[in-house]
Amino acid sequence: MNLANSFLTTPQADMQTIQDLLSEQVRAAFAAAFPGADLAGLPLAATPAGDEAFGDYQSNGAMAAAKVLRQPPRQVAEQVVRHLPTGDLLAKVEIAGPGFINMTLADDALARHVAAMQDDPHVGLPQSGAGRRLILDYSAPNVAKPMHIAHIRSTVIGDALKRIYRALGYEVLGDNHLGDWGTQFGILIMGYRHFLDKAALAASPVDELQRVYVLSHQRCEENPAWQDQARAELVKLQAGDPENRALWQTFIDLSLEEFNRIYARLGVSFELIRGESYYNDALPGVVQKLQDLGLVRESEGALVAFLDDEKLPPCIVRKSDGGYNYATTDLATVFSREQEFQPAAILYVTDERQQLHFRQFFAIARKAGVTTPLRHIWFGLMRLPEGLLSTRKGTAIKLDLLLDEAEKRALELVRQASPDMPEAQQQAVARAVGIGAVKYADLSQNPQSAVSFTWEKALAMDGNSAPYLQYAYARIASVLDKHAERFPGHDWCAAPLVLDSPHARRLALRLARYSGAVCAAAAQEKPSLLADALYDLSQAYSSFYQNVPFLKAEAGLRESRVRLCALTAKVLRHGLGLLGIETPDRI
RNA sequence: GCGCCUGUAGCUCAGCUGGACAGAGCAUGGGAUUUCUAAUCCCAGGGUCGCAGGUUCGAGCCCUGCCAGGCGCGCCA
């Protein structure tokens, strides 16, 4: 467990993951074998076995404890195993190599555990976040800039984390902290007044805003008078000039309209949309507070927080022209959120370039009395094989274009696979599959790795991809329908689960590991851990599907296997739901 | 100059915070469909984990130094 995530580690009422149950037993066995020894902090817990040949779960704790106990690790393991009862939960416990404790679950215990997930509304997930609120700050596009493919990272990772934390019982407020204030608006107003093409604005508002902004920005660099005028327009805007204010509102409305269209396509939503401008009126008070606390002093005309104790560079909170910047807005935002919502933590999902900013901002916030845990969840930059995405160089690919292409390719596949499906349904399925593919391509990767964007990867629809998982789900849905049709009255809901083949057992084990994967994804802030587990599960299912007959099996066994299919479908649907990916019943 | 990040199969990436012979997908080669959706399954080849030291019973993971790339470092966000 990541210690930085202390807000995630409160004791919970329902310890129901099988891994936790085993870990408890292992810890108890260590305590019984070595009473009085201080084994706190040692990694005694059960982890999924590295190789299925070694069993289902393993503990490497004996090797770790050997040093503390000054005994050979194998001997430690032997004493622990003596206190690790086989029977109810465990069928077999073995010691291997230098002191690995390998555990194999009893088939019926595994079957019982998995069966219990069927009626659990939380599909076996501990509700460790119940009664606690999180604020998740993600997406946050800039007004008057079209969303391009790099924006998908914050949006999709943030949305998945929101769903994951919710599944663990947290109340999560997603807040879209729009870039809707700042120096760019003076430039934009000048561009709008001088270069606007009304037809283009009507056809594609945000593109046109961006175009006039770029032109005006160029003019600023060439012409000081232009730059002065842009500054003057900004000052007017900030002073509340009605005309500029109206223009600014127009920019926001047009941008939000487009952003909302993309969010709708992605299935992403927010509980709060509070851009930087929302905190405008609070900025002078924030600076005053920092001054009162003696956290800032004047330097070269600006007001600066010096963070030498934290070994961080200085941070400007008020510019020499009296204007405020990002750090000030973020401080105002955190004060406001803390006071209004009393969250258990605030999480910020942004790219890696903002690490320094967040460390500075967090340091100042702490000094100013903010006690809420603040976490910066950063992700790697997205780049093209030929270099960074650049709006100016025209290498930025618009997000809409990517989604269009994904849906188009998915539609080809659906038409091929289901030629008899009604056109409207084909379209709907293609939407779910195409968007799912794009989201999964991002979510299945470690967020902190830099992403090198290729169409091939972003649109992958075989192998480790969302369509592979969706396909597995659709095959199950089809099986369930066929079963109901061909064997009316043969209810599988309460059929005993018989794990009579390696394929079935492997599948059940993957189902049992689901809750652990969700918890790990939450604790490490990495939806990719969940995606991995779901892919594992689908692979186990595909193998099961290919190798074990169910509709053709004899009655009884048939219902047992169909029930296992249904459980797999339930977990796949739930898990993909946590990634924000839909699961059509037919593909 | 300082700081953060990255370097693993031909390509794209995992690697559960130090454990068992380094794993997937794509690509390549071979096989499976009168049968529950072949977007699938089964099998094979493919690696000096950037380089060199060190710590450890054990290092892709920790420490040090190099090499290569990316990002950032007081009035942008």
Side-chain angles (χ1 to χ4, degrees), chain A residues 1-2 43 47-51 53-54 58 60 63-64 66-67 72-73 96-100 102 140 142 179 181-184 276 299-306 311-321 323-327 329-330 350-357 359 378 380-381 383 388 410 413-414 416-418 433 441 444-446 448-452 454 456-457 460-465 467-468 470-472 474-480 482-483 486 516-517 520 524 528-529 532-533 535-536 539 542-553 561-562 565 586-587:
Chain A
M1 188 68 70
N2 187 346
T47 58
D51 186 323
F54 300 135
Q58 65 184 69
N60 304 333
M63 276 104 70
K67 278 178 199 161
F100 297 104
N102 291 332
N142 287 324
W181 199 250
T183 43
Q184 72 270 28
E276 292 162 358
S299 166
E300 295 171 36
L303 209 51
V304 181
F306 288 90
K311 294 183 177 153
L312 293 170
C315 179
I316 290 178
V317 299
R318 195 182 66 201
K319 298 188 283 184
S320 51
D321 68 0
Y324 304 101
N325 57 16
Y326 191 30
T329 310
D330 272 347
T350 83
D351 75 53
E352 59 181 315
R353 287 177 299 191
Q354 298 190 33
Q355 285 182 88
L356 177 59
H357 162 73
R359 285 201 291 166
W378 59 266
L381 283 176
R383 57 180 54 99
L388 275 182
L413 283 172
V414 174
Q416 202 178 320
S418 305
V433 170
S444 60
Q445 200 163 120
N446 184 337
Q448 297 189 343
S449 307
V451 170
S452 137
T454 62
E456 187 193 357
K457 187 172 55 163
M461 303 209 179
D462 56 5
N464 188 356
S465 69
Y468 176 94
Q470 290 169 317
Y471 180 65
R475 291 209 288 194
I476 300 173
S478 172
V479 163
L480 296 182
K482 289 211 163 95
H483 181 265
R486 290 184 204 171
Q524 295 182 44
S528 59
L529 297 178
D532 279 353
Y535 180 61
D536 265 1
Q539 276 189 314
S542 293
S543 184
F544 175 71
Y545 178 89
Q546 205 81 21
N547 293 291
V548 179
F550 14 95
L551 293 185
K552 280 161 294 186
R561 288 173 180 169
V562 169
C565 287
R586 293 288 180 277
I587 285 184

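To find a chain, count down the sequence lines: A is the first, B the second, and so on, and within it residues start at 1. No hydrogens, no waters, no symmetry mates; every other heavy atom, side chains included, goes into these values.
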Non-neighbouring partners of A:Gln58 that pass side chain to side chain donor-acceptor pair (under 3.5 Å), sequence neighbours left out: A:Asn60

Paired and unpaired positions of RNA chain B as dot-bracket, Watson-Crick or G-U wobble under 3.5 Å, | denoting a partner strand: (((((((..((((.....[...)))).(((((.......))))).....(((((..]....))))))))))))....

Test ring-ring contact (aromatic ring centres under 6.0 Å, His included) applied to A:Phe544 - qualifying residues, sequence neighbours left out: A:Phe550

Sugar-phosphate only, base, or nothing, as touched by A:Ala66 at under 4.0 Å among non-hydrogen atoms: nothing

Donor-acceptor pair present, A:Ser542 side chain and B:rC41 base, under 3.5 Å: no

Contacts of A:Asp351 that satisfy side chain to side chain donor-acceptor pair (under 3.5 Å) - sequence neighbours left out: A:Arg353

Results of salt bridge (Lys or Arg N to Asp or Glu O under 4.0 Å) for A:Arg561 - residues two or more places apart only: A:Asp500

Touch class at under 4.0 angstrom, heavy-atom based, for A:Leu413 against every strand present: base

In B:rU8, glycosidic geometry as syn within 90° of 0 or anti otherwise: anti

Contacts of type side-chain contact (heavy atoms from CB on, under 4.5 Å), residue A:Gln355, not counting sequence neighbours: A:Glu352, A:His376, A:Trp378

Over all atoms of both residues, closest heavy-atom pair of A:Ala66 and A:Pro72: CB-C, 4.4 Å

Under 3.5 Å donor-acceptor pair, A:Asp51 side-chain atoms to B:rC21 base atoms: yes

Pairwise C1' distance for B:rC49 and B:rU6, with rounding to whole Å: 14 Å

Contacts of A:Ser418 that satisfy side-chain contact (heavy atoms from CB on, under 4.5 Å) - sequence neighbours left out: A:Met421

Mind listing the N/O atom pairs, protein and nucleotides 57-59 of chain B, below 3.5 Å?
none

Polar atoms only, N or O, under 3.5 Å: list the protein pairs with nucleotides 25-27 of chain B and their distances.
{"residue": "B:rC26", "atom": "O2'", "partner": "A:Glu456", "partner atom": "OE2", "Å": "3.4"}

Residues in side-chain contact (heavy atoms from CB on, under 4.5 Å) contact with A:Asp532, at least two apart in sequence or another chain: none

Under the side chain to side chain donor-acceptor pair (under 3.5 Å) test, residues paired with A:Arg475 that sit two or more places apart: none

Stacking of A:Tyr468 on B:rA39 base (centres under 5.5 Å, planes under 30°): no

Candidate nucleotides B:rC75, B:rG15, B:rA32, ranked by approach to the side chain of A:Gln546 - the nearest: B:rA32

Glycosidic class, syn or anti, of B:rG69 using a 90° window around 0: anti

For A:Tyr468, all residues meeting side chain to side chain donor-acceptor pair (under 3.5 Å), sequence neighbours excluded: A:Ser542

